[in-house]
2 protein chains.
Amino acid sequence: MTAGYELEDKVLLAVDCIIFGFDNGDLKVLLVKRDFEPEKGKWSLIGGFLKKTETLDDAARRILHTLTGMHDIYMEQLYTWSEVERDPAERTISTSFYAIIDIKQHDKELIEHHNAKWFSLSNAPKLIFDHDQMLNKAIMRLRRRTSISPIGFGLLPEKFTMKQLQKLYEAILDRKVDKRNFINKIKSMDILVKLDEKDMSSSTKGSYLFMFDQEKYDAKQTKDFYLKIS
Amino acid sequence: MTAGYELEDKVLLAVDCIIFGFDNGDLKVLLVKRDFEPEKGKWSLIGGFLKKTETLDDAARRILHTLTGMHDIYMEQLYTWSEVERDPAERTISTSFYAIIDIKQHDKELIEHHNAKWFSLSNAPKLIFDHDQMLNKAIMRLRRRTSISPIGFGLLPEKFTMKQLQKLYEAILDRKVDKRNFINKIKSMDILVKLDEKDMSSSTKGSYLFMFDQEKYDAKQTKDFYLKIS
DNA sequence: GACTAAAAGTGTAATTTTAACATTTATTAT
DNA sequence: ATAATAAATGTTAAAATTACACTTTTAGTC
């Protein structure tokens, strides 16, 4: 019993990771300076090649860890890119993944040691190959996803204010939202716990801190519920 | 200037097509009996391998044509599957594509000559490898897509009745929808033209035929408008 | 030619959701 | 005591969604 696969072409399969970071109301993307040919020295997404012994998700995690030191980042598969000439050096197909993380929660030094750098979306450099397209598609997906189901876990400190949460949504959606409508919408979702504690750092009055209620959140996740921000 | 790719693993990259067909109120999927090892003789999605000289979309079109005789089918990329052991014969990654077509508009003989066969979703056989997962994911995507933006072109005869259109939505969403609400919703979308002609085949009264208004449809497509069926 | 049968066609009212909008409250620092 | 600063809060109008049932048309039959 031989498989009839002998005559088929084999190709390089790459993985590219689009890591969005949220910091201080600003949405950024993590890029690396490429240290091998072709396009050595240019900025690119965080990428590498799939090994035979791992899944694409494994590869994405390994590559992200190798190039930035980050780990335990949940990434979601986005799209597989296969233009014949996308990498001029050799026929390479690439599957892109994306994630969004809280920049503050990840060790800046680790990232910088690995000559990766955060860029605001508005002034990211031109990227190699089709990486600009990948980035664009990821932004679109992130926005759509954000208006469909709640994000948040892992993107904010464990305890956060409503304002911080609102800023996060505003950064992703790239527009202002009405404070009262936003708070009402979030409340109606019933996935947050209001704490007795206040954050005093930004006003004399102080603002209440909230936490996600993991259990309630998970319960709703399954029913893929819908969040639309006015 | 040598590319630093020499040491990387190369893999087989497959394409699998999930072709949904709509016929007579029933949603079906097109499957083929596999004629090579492994799993020879079992039912599978319409699949084959990417060649070095083509994109994934090219490969999907070529494979679909080879196995079924169909052409000019627009397929959308769904997901790339990479479990290490998904194909026991050799390390193979597969990108799945899906499409939905009007069965009547495609030549049955051609399809049957190629030992492909339509199965109702409710009694499709068990498929090889991870093809059941692929099919499931495609169904989910199709449903979600259907409630987000209008489908229809190419899925119905050029002229069709409201009932046919409703049946199409019901087949995809797998539930009944209210006739009056459905018609109102569709009318409010303003992408159909009512003809003076009636279809007399299903009642003494006859029911008016409609056509899609391609121009209006295209205009709305760009603004990715939203259709939600009650 | 009246009646029956079968599917097509049609509208309204109640409810829910969304969107727009401005003032009061709490606290620290002066 | 006052001023300054950001936090907290509720209402109303408009739009969208849902639930729901009777009338119309016409071919066929008695």
Side-chain angles (χ1 to χ4, degrees), chain A residues 24-25 143-144 146-150 156-157 159-170 173 175-211 220 223-230, chain B residues 24-25 143-144 146-150 156-157 159-170 173 175-211 220 223-230:
Chain A
N24 233 274
R143 282 198 188 132
R144 178 164 301 218
T146 302
S147 24
I148 285 177
S149 65
L156 291 174
K159 300 170 183 181
F160 52 87
T161 64
M162 274 292 172
K163 186 162 195 181
Q164 283 176 289
L165 186 60
Q166 185 179 339
K167 288 282 176 202
L168 171 61
Y169 273 87
E170 289 182 337
L173 299 176
R175 60 186 170 85
K176 291 250 175 278
V177 303
D178 180 86
K179 178 166 61 164
R180 282 161 294 183
N181 292 340
F182 179 77
I183 289 175
N184 288 335
K185 179 60 85 172
I186 295 289
K187 275 190 184 156
S188 77
M189 290 167 53
D190 189 30
I191 53 168
L192 295 187
V193 193
K194 187 175 189 169
L195 305 176
D196 276 336
E197 219 172 321
K198 280 187 164 187
D199 170 275
M200 301 306 296
S201 66
S202 61
S203 80
T204 58
K205 187 178 178 181
S207 61
Y208 281 103
L209 288 165
F210 291 78
M211 283 178 68
K220 311 230 163 168
K223 305 185 214 147
D224 88 326
F225 70 124
Y226 200 100
L227 172 74
K228 195 150 166 291
I229 298 299
S230 69
Chain B
N24 234 272
R143 282 197 188 134
R144 178 163 300 217
T146 303
S147 17
I148 286 179
S149 65
L156 290 173
K159 300 169 183 181
F160 51 87
T161 65
M162 274 292 172
K163 185 161 194 180
Q164 283 176 288
L165 186 60
Q166 184 180 338
K167 289 280 177 204
L168 170 61
Y169 273 87
E170 290 182 336
L173 299 176
R175 61 187 170 84
K176 292 252 174 276
V177 304
D178 179 86
K179 179 168 59 165
R180 283 161 295 184
N181 292 341
F182 180 77
I183 289 174
N184 287 337
K185 178 60 83 171
I186 295 289
K187 275 189 184 157
S188 77
M189 290 167 53
D190 188 31
I191 54 168
L192 296 186
V193 194
K194 188 174 189 169
L195 305 176
D196 277 334
E197 220 173 320
K198 279 188 164 186
D199 169 273
M200 301 306 295
S201 65
S202 61
S203 79
T204 57
K205 186 178 178 181
S207 61
Y208 281 103
L209 289 164
F210 292 78
M211 284 178 67
K220 311 229 163 166
K223 306 186 214 145
D224 91 323
F225 71 123
Y226 201 99
L227 172 74
K228 195 149 166 290
I229 297 299
S230 69

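Every chain is numbered from 1, with letters handed out A, B, ... down the list of sequences.
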Could you state the CG-P distance from B:D199 to C:dA7, rounded to the nearest angstrom?
13 Å
B:N184 or B:T161, whichever maps to the more 5' nucleotide of DNA chain C:
B:T161
When the distance from NZ of B:K176 to P of D:dC20 is rounded to whole Å, what number comes out?
17 Å
Going by modelled atom types, is there a donor-acceptor pair between the base of C:dT27 and the side chain of A:T204 at under 3.5 Å?
yes
Nearest atoms (heavy-atom pairs only) where B:L192 meets B:M162:
CD1-CE, 3.6 Å
Could you state the NZ-C1' distance from B:K198 to D:dA27, rounded to the nearest angstrom?
13 Å
Go through the N and O atoms of the side chain of A:K205 and the base of D:dT5, and report whether any donor-acceptor pair is under 3.5 Å.
no
Would you say B:T161 and B:Q164 make side-chain contact, with heavy atoms under 4.5 Å?
yes
Can you measure A:R180 atom CZ to D:dA7 atom P for me and round it to whole angstrom units?
14 Å
Cation-pi geometry met for B:K198 and B:Y208 (6.0 Å, 45°)
yes
Using OP1 and OP2 only, check whether a side-chain N or O of B:K163 sits under 4.0 Å from C:dA8.
yes
A:K179 atom NZ is separated from D:dA7 atom P, nearest whole Å, by 6 Å
Tell me the interatomic distance from B:I183, atom CD1, to C:dT12, atom C1', rounded to whole angstroms.
16 Å
Would you kindly give the NZ-to-P distance between B:K185 and D:dA15, to the nearest whole Å?
14 Å
From OH of A:Y208 over to C1' of D:dT9, roughly how many Å is that when rounded to an integer?
13 Å
